[in-house]
2 protein chains.
Amino acid sequence: MLDAVARVRRFNRAVTSAVGALDNSFLGRGRPLGAARVLNAIGHGRSDVAEIRDYLGLDSGLMSRLLRSLEDEGLVETEAHENDARRRVATLTRTGKREFAAYEALSNAQAEGFLAQHSQAEALLAAMDLVASTLTRERIALDEMDPRSEEARYCLGEYYAELGRRFSQGFDVSLSRDPDAKDMRRPRGTFIVAMSDTLPIGCVGLKGTDHGYAEIKRLWVAPAARGLRLGRRLMDAAEDAARGLGIALLRLDTNSALPEAGRLYRTTGWREIPRFNDDPYPDLFFEKRL
Amino acid sequence: MLDAVARVRRFNRAVTSAVGALDNSFLGRGRPLGAARVLNAIGHGRSDVAEIRDYLGLDSGLMSRLLRSLEDEGLVETEAHENDARRRVATLTRTGKREFAAYEALSNAQAEGFLAQHSQAEALLAAMDLVASTLTRERIALDEMDPRSEEARYCLGEYYAELGRRFSQGFDVSLSRDPDAKDMRRPRGTFIVAMSDTLPIGCVGLKGTDHGYAEIKRLWVAPAARGLRLGRRLMDAAEDAARGLGIALLRLDTNSALPEAGRLYRTTGWREIPRFNDDPYPDLFFEKRL
DNA sequence: CATAATATCTGACTTTAGTCAGATATCGTG
DNA sequence: CACGATATCTGACTAAAGTCAGATATTATG
């Protein structure tokens, strides 16, 4: 009754019926689920027919017919791809956009209704993030992004907030050596964000310097993604990027108030070295030769 | 991208594809999903045909045919209900039990595989419990049970463990006035367990005394079910039971280390009274006239 | 005990999803 | 420019799910 497997299976039963209910609410718009899914995929910006087919796992014949039925309803228009006349590109008509908006409203209402059931929404959301990150673990993408991008700035904001909570003296970015964004762009360095679906769940920066080494900065994993060994994946990606940039020596600083970070470095080939900067926050310094 | 609704919808997408994968694994046994679902419902103890139909949301014609196909396969036998010859009762044959066991093995393997993905399984399970409890909130059943039942003992064990964590001096049941089970059985009192699917997620005891009042004891809500206002539902149920037993006055004791409990009592018509027992743990005492 | 309600079953459907083999047009490459 | 690869479409299917109107047997109720 109470072992781990039973708890997972209870969860499965709960979400199976919830998912079924959501599907049913979609059927209320008088269109089979398959067609509704295609319409929504287009609405969410997937215009390339092959991409939609792949995303929804549809047979090409079925896909073709579903698109045709949406065209017959006047919701979708297709035209040839501008660079490849074999491919088709689908767009929503004005009516199609209205219909898509109605599906969006249904989804949003369902989500809001669910949140309203719980008096501590943030705890519930954190739990959902964790489960969703785990379920989609193999689809977490590590993307190189500009450190000024929305995703990067979100991660950095969360990272600073967490340091503020975990350092007994708090954390003030302006006192720290905030890396210049251009040092974390190719060819000097890079910035990598881990994306789970549309949610940024981790980051790491590789900051180029003029001192014969590059630095690893801003390694962060969202609470909702801890336990998935994402920190290790991010570090591997940063080291790979460094190798690609011809960097032979890496350094980083950290703080003993972040023991999980220290453990990660020690178990992945980093060795502790003396202080190499005058940043007030770090008290541990590491180096790794690639 | 990051607002609450978007996070819920990301979760929905993640579980939708996971649920689809689970369904697909069920198809591997050469039987349509509908038939597999009926077989599993019977295997899980739902024998009454109408109950299965209701649980799976099936049309009576469809249900009848699915049952027939399982009978043709030699997996299921049906007979008339002993008290009502209109109703049918389905049971698994020996072969049916074997087949059900194969489905169970698939489900268990899937659950184990999922858990193995995560290095902090307990945090993941807690998150899943919370989400599942919220999703099935309207199906949480408050059942009167014997305080010695497995479910009751599980709740009490969790309750004692939590007191041990939250009281600075720990908690030792033997030092407390452990209520006699027979005082929490009808007609002296009762014991109510909140069940979410197969998981006990809360409890409360109504303990009869010979002093002109009854006591509320052992109010507990599982961490995975907090925020659902289950404590209030349990208290309402206990008070209803007390009224049904002709009890006019209720008392309870609690501890200021459990502030959420104190808040609940104060906002639901209880008034603080002087100490009325010599139990070493409580430091707050309440009374409510029904 | 007549009558309404209930539970299941059967036959005759429709809709949806999915499969598969070609047909057609276009693209990339040597 | 021939040729294989690719993207889509069409026709012809099957399987699964679901719907609906009775038929039958049984039970509950006034």
Side-chain angles (χ1 to χ4, degrees), chain A residues 16-17 19-42 46-73 76-91, chain B residues 16-17 19-42 46-73 76-91:
Chain A
T16 299
S17 69
V19 163
L22 185 56
D23 281 355
N24 272 339
S25 82
F26 268 43
L27 287 173
R29 298 204 62 78
R31 198 170 289 108
L33 261 184
R37 273 200 263 266
V38 171
L39 180 70
N40 279 288
I42 299 169
R46 286 173 217 270
S47 54
D48 209 283
V49 169
E51 185 198 350
I52 299 169
R53 225 179 50 201
D54 188 52
Y55 172 66
L56 298 175
L58 298 174
D59 171 87
S60 67
L62 183 51
M63 176 77 219
S64 182
R65 264 178 274 264
L66 289 173
L67 256 188
R68 216 57 57 234
S69 83
L70 290 170
E71 280 184 325
D72 292 347
E73 276 196 89
V76 162
E77 280 169 347
T78 62
E79 54 181 1
H81 190 282
E82 55 178 339
N83 300 327
D84 183 346
R86 291 171 302 183
R87 314 174 91 168
R88 307 234 92 202
V89 172
T91 46
Chain B
T16 299
S17 69
V19 163
L22 186 57
D23 281 353
N24 274 338
S25 82
F26 268 42
L27 287 174
R29 297 203 63 78
R31 198 168 289 110
L33 259 184
R37 273 200 264 265
V38 172
L39 179 71
N40 279 288
I42 300 169
R46 285 173 218 270
S47 54
D48 208 284
V49 169
E51 184 198 351
I52 300 169
R53 224 179 49 199
D54 188 52
Y55 173 67
L56 298 175
L58 298 174
D59 172 88
S60 66
L62 184 51
M63 176 76 218
S64 181
R65 264 178 275 265
L66 290 173
L67 257 187
R68 217 56 57 237
S69 83
L70 290 170
E71 279 184 326
D72 292 348
E73 276 197 90
V76 162
E77 281 168 345
T78 61
E79 54 181 1
H81 190 283
E82 56 178 338
N83 299 329
D84 183 344
R86 291 170 303 182
R87 314 174 90 166
R88 307 235 90 201
V89 173
T91 48

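Taken residue by residue, residues 62-69 of chain B places heavy atoms nearer than 4.0 Å to DNA chain D at B/Leu62, B/Arg65.
Here the closest heavy-atom approach between residue A/Leu39 and residue A/Leu70 is recorded as N-CD1, 3.8 Å. Taking each heavy atom of B/Leu67 and B/Ala90 in turn, the nearest pair found is CD2-CB, 4.2 Å.
The residue B/Asp84 sits close only to the backbone: its heavy atoms come under 4.0 Å of sugar-phosphate atoms, none of a base.
Residues B/Asp59 and A/Ser60 each lie close to DNA chain C; by heavy-atom proximity, the contact nearer the 5' end of the strand is made by B/Asp59.
Of the inter-residue distances, the one linking B/Arg37 atom CZ with B/Leu66 atom CG reads 10.0 Å to the nearest 0.5 angstrom. The distance from the CZ atom of B/Arg53 to the CG atom of B/Asp59 is 8.0 Å, given to the nearest 0.5 Å.
Atom CG in A/Leu33 sits about 15 Å away from atom C1' in D/dA16, given to the nearest Å. D/dA28 atom P lies 11 Å from atom NE2 of B/His81, rounded to whole Å. If you measure from atom CG of A/Leu58 to atom P of D/dA7, you get 16 Å, rounded to the nearest angstrom. Remark: P of D/dA16 and CZ of B/Arg37 are 13 Å apart, rounded to the nearest angstrom. As rounded to whole Å, 11 Å separates atom P of D/dT26 from atom CZ of B/Arg86.
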Practice prompt. Start with the C-alpha distance between B/Asp23 and B/Leu27, add both sets of side-chain angles, then the distance that settles side chain to side chain contact (heavy atoms under 4.5 Å, CB included), and finish with yes or no.
Written response: CA-CA 7 Å; B/Asp23 281 353; B/Leu27 287 174; over 6 Å; no
Practice prompt. Could you please spell out the steps behind the side chain to side chain contact (heavy atoms under 4.5 Å, CB included) verdict for B/Met63 and B/Val38?
Written response: CA-CA 8 Å; B/Met63 176 76 218; B/Val38 172; 3.9 Å; yes
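The closest donor-acceptor contact from the side chain of A/Ser64 to the backbone of A/Gly61 lies at 3.5 Å or more, if one exists at all.
Bracketed by its first and final contacts, the part of DNA chain C lying under 4.0 Å from non-hydrogen atoms of chain B reaches from C/dA5 to C/dA12 in 5' to 3' order.
Residues B/Thr91 and B/Ile42 fail the side-chain proximity criterion, which asks for heavy atoms closer than 4.5 Å.
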